[in-house]
Amino acid sequence: MLPIRLNELRKNNHMTQAELAKKINVAKSTISMWEKGVRSPDTTTLGKLADIFHVSTDYLLGKTNNSSPINAANSSFDIDDDIPLAYHGKSIPDEYLEIIKKLMDSDSRKGK
């Protein structure tokens with residue numbers, strides 16, 4: 001999924017492979033290999049790509065279709081219903097997820 005998303009984000013932002021490469025200090029051929037799926041960026045570089053395109057690393061990796069990064073500036077915390085959450089290997093019950101959502105929403109409002 002990373003090759004497809006990276007290519008789409010780069011093109012949607014009217015950026016060439018060379019321009020993106022310059023922004024993150026890698027060779028143009030590196031961007032090409034990522035977009036072809038031959039290689040993958042390390043976690044630090046993945047974070048830089050997410051920052052450049054204003055998306056989450058989970059979105060880049062195809063773990064979610066929600067492209068919005070989660071941060072304290074967001075007005076609410078969204079838990080992706082497609083991704084099961086667990087704690088110590090056990091699924092978190094729905095009633096606990098609601099409590100977690102309320103806590104996260106409350107905490108994010110305090111940061112404003």
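In this chain, residues are counted from 1 in sequence order.
Between Leu60 and Leu9 the shortest side-chain heavy-atom distance falls below 4.5 Å. Between Asn13 and Leu20 the shortest side-chain heavy-atom distance does not fall below 4.5 Å. Under the 4.5 Å side-chain criterion, counting only non-hydrogen atoms from C-beta, Ile24 is not in contact with Thr30.
A single hydrophobic cluster is not seen to contain both Met33 and Leu2; linkage of ILVMFWY side chains at heavy-atom distances under 4.5 Å, directly or through other members, places them apart. Under the 4.5 Å side-chain heavy-atom criterion for ILVMFWY residues, a single connected hydrophobic cluster contains both Phe53 and Leu61. Note on Leu97 and Leu103: same hydrophobic cluster, where clusters join Ile, Leu, Val, Met, Phe, Trp and Tyr whose side-chain heavy atoms are under 4.5 Å apart, directly or indirectly. Transitive grouping of hydrophobic side chains (ILVMFWY, heavy atoms separated by less than 4.5 Å) brings Tyr59 and Met15 into a common cluster.
Pairing each heavy atom of Ala50 with each of Ser56, the nearest pair is CB-C, 4.0 Å. Between Gly47 and Thr57, the closest heavy-atom pair is CA-CG2, 4.0 Å. Taking both residues in full, the closest heavy atoms of His14 and Glu19 are given as O-OE1, 3.8 Å, listed atom of the first, atom of the second, then distance. Residues Glu35 and Pro3 share a closest heavy-atom pair of O-CB, 3.2 Å. Between Ile31 and Ala21, the closest heavy-atom pair is CG1-CB, 3.8 Å.
Within the model, atoms CG of Asp58 and CG of Asn65 stand 11.0 Å from one another, a figure rounded to the nearest 0.5 Å. Atom CD of residue Glu8 and atom CG of residue Leu6 lie 10.0 Å apart, to the nearest 0.5 angstrom. Residue Leu46 holds its CG atom at 10.0 Å from CG of Asp51, rounded to the nearest 0.5 Å. Annotation: the span from Thr64 atom OG1 to Met1 atom CE amounts to 10.5 Å, rounded to 0.5 Å.
Atom CG of Asn25 is surrounded by 12 or fewer heavy atoms from other residues, nucleotides or ligands within 6.0 Å.
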